Structure formats: C-alpha cells, structure tokens
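Chain identifiers are assigned alphabetically (A, B, ...) following the order of the sequence lines, protein sequences preceding nucleic acid strands; residue numbering begins at 1 within each chain. Bear in mind the structure is a predicted one, so any value in this text is a computation, not a measurement.
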Protein chains: 2
Amino acid sequence: MIKNSQACRSNCPINFVLETFGDKWTLLIVRDLMFKGKQSYGEFLASDEKISTNILAERLKRLEDHEIIEKRTAPDNRSKFLYSFTSKGKDLLPIMLEITAWSAKHDATTNTPPEFLSMFENAREQLMKDILHQLDQD
Amino acid sequence: MIKNSQACRSNCPINFVLETFGDKWTLLIVRDLMFKGKQSYGEFLASDEKISTNILAERLKRLEDHEIIEKRTAPDNRSKFLYSFTSKGKDLLPIMLEITAWSAKHDATTNTPPEFLSMFENAREQLMKDILHQLDQD
DNA sequence: CTGTATCCTTAGGGATACTG
DNA sequence: CAGTATCCCTAAGGATACAG
C-alpha cells in the first residue's frame, strides 16, 4: 500500500523533488526509462544495481501516482506491460542531463556513455534555440 | 563516525550523485548555502524542515569529505565556523536551477521565490553566451 | 512475465541531554 | 555557538517464496 499523504515538510521546490526522488532507487528507474530504452518490469529488474522486486514495484507505483510515468499493456502481448513517461516525466530531462554532466566532470570513476554527453549537448543547443526564439518574440 | 567505504553499486553517473545526495536532507543544506545565504551550523539548523542536530552534523561532515563544501573559522570570531562551496559544489548550480524550474512548473503548491526564477533565467542566458562563444571558436 | 506477500535486518532519523 | 552522545523507533530495503 502506498501512502498518499506525504509529510510535506515545506513548500520549497527543492524539498518538493526530494519528496519523490529523495531515495536511492527512484532516479535509477527514471534513468533506465530515459536513457537505456527499458520499458518493462523485467528490464528494470535487470539493472546493475540489483533492485529487489518489492522495491521496484513500490517505486513504479509511486511514479505512476505522481504522474511521472504511465503504464499500458503491450500491443502484441496483453500480459506484458510497458512503462513510459508522461510530459511531466519528460521534463525531467534537463535535470538528468545536468546531473550526468556534473558526475562526468567530478568523478573520474564514473563511466559516462558517450551518447549521454552528445545528448546533453543536443539538449543545450535546443535550449539555446528556444531562448533565441523567445528573445525574437520580445 | 562516517563511513568512507561506500557500496558503489555501479559506475553510472546518476548513481554517483545518489551516493551523495540520495537522502532527504543533503540537498536542503546545499539549497540553504546556495540560495538562502546561510553559512553557519546554527543557520542551517533553523530551516523550515527542522533537521535535527546529529543529522545536520553528519551531513556537513559528509559534504566536506566529498569536497563539496569547506569549513573555515569566521574572521571575526574564532569559535564560529563558516561553510562555503568548493568549485565542485558551485558546479551544482545548474542542477539546482533545473530542479527548481521543474518544481515550479509541475507543482502548484510549491512556493518558488522570485529570485530563484530570475537567477535561473540569468544562468540560462549565461549558458547561451558560453555556447555561442564556443561556437565562435570552431 | 509481472508482480505480492512475508520475514527479517539495518540504516535513517527524531528527541533530547550534554559538552568544549 | 557548534556540535556529541544516547536512546529509541520507524521506515527502508534485502532475500526469497509464492501467485495470477
């Protein structure tokens, strides 16, 4: 059972994300869904960090409750389920990219796949375009 | 006592930040130091979220061990200590700004101070300049 | 394949008294 | 002022067996 009533220690935006992502596992699921092409329970379960079945199920449900991911049945197999991001979930991309960039810069042991960094540069370019476009409007 | 030997579940950059920030308190200290002008133990202690003394002390030590913050004695008062960011700590700014932006967009109850958002826009503009400058180099 | 249920252990954390 | 030291308790999480 998932508790809907969260403590809500404050109305700070930093604290707000901690209420959802302030644990050791949730962000890894987001990573797998965002960067590793994983979509199913079994795929998430097979990650390097060895999450256990009950924790994974609880986190998936929580992310669904928070409307960060959605669950649907696979088109070909009705007993298989696929998870995907909502738009709210997709909006986590800039955060994930900045986290990746920070780790790549400050931890030599971190193994950052090249596609991470190229994706990051692409996103920053897109950001630049968005801002330029916005400036044109003014 | 702080354990130096971390589990290090994987070499993933997302997992790397979780080893340091994957709890409910650490990021709040970063926030107070970065956005609220707090520098001392007593100031951190007085935050809305009511961190307890032992937890705060442990987290400050941990951030120091990870070379994200530094501790020095106050110039005027030798029994007072001031915490400040290392360059590694300052590099957390883009992450913090993106987190703030995400919360501001997706949570109506979040109370985001205006200075947060203006600071965010400034940082994005600076980022744009950096990219343009970099493009000129090529 | 996608989870539940259960057991059990440990780590995280609140409260509070105390110290240099 | 800036922490330590304890006590205690709950929640988080690992392992594993089982189920639709």
Report the distance from atom [atom1] of [X] to atom [atom2] of [Y], rounding to the nearest 0.5 Å.
X	Y	atom1	atom2	result
Y41(B)	L56(B)	OH	CG	5.0 Å
W102(B)	T20(A)	CH2	OG1	6.0 Å
E67(B)	H106(A)	CD	NE2	11.0 Å

For [X] and [N], give me the distance from atom [atom1] to atom [atom2], rounded to whole Å.
X	N	atom1	atom2	answer
R72(B)	dA2(D)	CZ	C1'	16 Å
L56(A)	dA12(D)	CG	P	16 Å
D23(A)	dG14(D)	CG	C1'	15 Å
L28(B)	dG14(C)	CG	P	11 Å
K71(B)	dC1(D)	NZ	P	15 Å

Please determine if a side-chain N or O atom of [X] lies less than 4.0 Å away from the OP1 or OP2 oxygen of [N].
X	N	value
K80(A)	dG20(D)	no
K61(B)	dT4(D)	yes
W25(B)	dA11(C)	no
Y41(B)	dT4(D)	no
K24(B)	dA11(C)	no

Open item on the list: Testing the 3.5 Å rule here: is there a donor-acceptor pair between the side chains of S47(A) and K38(A)?
Closed with: yes
Open item on the list: Which residues in residues 45-55 of chain A have a heavy atom closer than 4.0 Å to any atom of DNA chain C?
Closed with: T53(A), N54(A)
- [ ] Flag the pair P75(B) / L82(B) as yes when at least one side-chain heavy-atom distance between them is below 4.5 Å, and no otherwise.
- [x] yes
Open item on the list: Within the structure provided, determine whether E98(A) and L97(B) are in side-chain contact (heavy-atom separation under 4.5 Å).
Closed with: no
Open item on the list: Based on the rotation axes of five pairs at each end, what angle does the helix from dC1(C)-dG20(D) to dG20(C)-dC1(D) bend through, to 10°?
Closed with: 50°
TODO: Apply side-chain hydrogen bond (donor to acceptor under 3.5 Å, both in side chains) to the pair T86(B) and E70(B), showing each step before the final yes or no.
DONE: CA-CA 6 Å; T86(B) 62; E70(B) 311 176 299; over 6 Å; no
Task: K90(B) NZ/CZ over F85(B) ring centroid, <6.0 Å and within 45° of normal - done: no
TODO: Scan Y83(B) against the nucleic acid and name what it touches under 4.0 Å (heavy atoms): base, sugar-phosphate only, or nothing.
DONE: sugar-phosphate
- [ ] Look at the side chain of S40(A) and decide which nucleotide, out of dG3(D), dT2(C), dC1(D), has an atom nearest to it.
- [x] dT2(C)
TODO: List the atom of C8(A), the atom of E19(A), and the distance in Å for their closest heavy-atom pair.
DONE: CA-OE2, 3.3 Å
